[in-house]
Amino acid sequence: MSRIAYVNGRYLRHASAGVSIDDRAFVFGDGVYEVCEVRDGVPTDAPRHLARLARSLAALRIEAPLGEAALARVMGEVIARNRVRDGLVYLQVSRGAARRDHAFPAAARPGLVVTAKSLDPSANEARALGGVKVVTRPDERWAHPHVKTLQLLPNVLAKQSAREAGAYEAWFVDGQGFITDGASTNAWIVTAQGRLVTRPTDPAILAGVTRATLIDVAARLGFALEQRAFAPDEAYAAREAFLSSATTVVLPVIEIDGRPIGEGRPGPVARELRRRFHDIATRGFAPVDVRAAGD
Ligand SMILES: Cc1ncc(COP(=O)(O)O)c(C=O)c1O
């Protein structure tokens, strides 16, 4: 008997079922899920699982793909079609499929996938009889922004809140009160003394490739550069601020948290770095001197 999955309104063969490669759960981790035990063909604690699902959806502002009664019917149908007596039913909801952009898409229908699988209850019983071992680890969920992972939900929520505040980007602030990264860009300021400042590539930021090339551009142009952390107060008082990324290159920042930066318009340093960036950046796949590529 082949397994059956429910995918966005259809019951499909599990092995060949699929969702769009633009699905935001796949691209950003922008979704939520639930797992219920199935015992004698019936989900355990279903109302509590569905209530938690509703809370998770509300927290991410994802519309419920189905009402609770319809969802319960789909779960029952998936359990029945897979002839699961003992096992689990899994459901996941994503914000839907849309052209890739961190902020919420204007029109995307939430995606729903429900699967079920049988598990051998005697295996769990045997484990319970013998007991299990545990190790302790630091709680690092997810504490590695220097890795360019798909775990982008915090970035998605920050970008969305920026958009709702009428801003282009959000700059994250760490526990010590220093700016780390933008939701999808690196952060820079130019001090009153004309020195460029950007955070060093510590584990709190993504080591932007554009950032590394801009450091070379700055050196070529003879700009003084400090790689150190800076706080929002220093940024508010900066002569200029800008952000960098592969797709934006250099974008001058004219306002942070409602405060104009410098004269409230793009400054000369950001403009010059932007203008000269492609003189230094490599084109195509010419070999790169790896020692020079790191900073
Ligand atoms: C969190 C974050 N910081 C910085 C950047 C900029 O990196 P790059 O210049 O390599 O595009 C990105 C790019 O996606 C990013 O997601």
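Read the numbers this way: they start at 1 and go in the same order the structure lists the ligands and their atoms.
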Problem set entry | Spatial distance of atom CD (Gln227) from atom CG (Leu196) [nearest 0.5 Å] | 10.5 Å
Exercise. At a 4.0 Å cut-off, with the gap strictly under it, does some heavy atom of Ala183 reach an atom of ligand 1?
Worked result: yes
Problem set entry | Numbered atoms and elements of ligand 1 in range of Lys148, under 4.0 angstrom, heavy atoms | 13 (C), 14 (O)
For this session: Answer side chain, backbone, both or neither: which part of Thr185 comes under 4.0 Å from ligand 1, heavy atoms only.
Result: backbone
Seminar exercise, completed: When distances are taken from atom 6 (C) of ligand 1, the protein heavy atom at minimum range is Asn186 OD1, 3.7 Å
Exercise. Considering all heavy atoms of both residues, which atom of Ala204 and which atom of Pro145 are nearest to each other, and what is their separation?
Worked result: O-CG, 3.5 Å
Problem set entry | Protein contact to atom 9 (O) of ligand 1 [nearest heavy atom, distance to 0.1 Å] | Thr210 OG1, 2.6 Å
Seminar exercise, completed: Restricting to heavy atoms, the pick from Pro145, Pro154, Gly208, Ser184 nearest atom 16 (O) of ligand 1 would be Ser184
For this session: Identify whether the distance between the nearest side-chain nitrogen and carboxylate oxygen of Asp174 and Arg199 falls below 4.0 Å.
Result: yes
For this session: Heavy-atom contacts with Asp181 under 4.0 Å: which atoms of ligand 1 show up? List them by number with element.
Result: 1 (C), 2 (C), 3 (N)
Problem set entry | Under the salt bridge (charged side-chain N to carboxylate O under 4.0 Å, His left out) test, residues paired with Asp139 that sit two or more places apart | Arg141
Exercise. Could you give the distance from CD (Gln160) to CG (Asp30), rounded to the nearest 0.5 Å?
Worked result: 9.5 Å
Seminar exercise, completed: The protein heavy atom nearest to atom 10 (O) of ligand 1 is Val209 N, 2.8 Å
Seminar exercise, completed: Value for CZ (Arg109) from OG (Ser94), rounded to nearest 0.5 Å, stands at 11.5 Å
Problem set entry | Polar atom proximity, Ala246 to ligand 1 (N or O, under 3.5 Å) | yes
Exercise. Would Glu240 and Arg271 pass as an ion pair if we require N to O under 4.0 Å?
Worked result: no
Exercise. At a 4.0 Å threshold, what atoms of ligand 1 neighbour a non-hydrogen atom of Ser245?
Worked result: 6 (C), 9 (O), 11 (O)
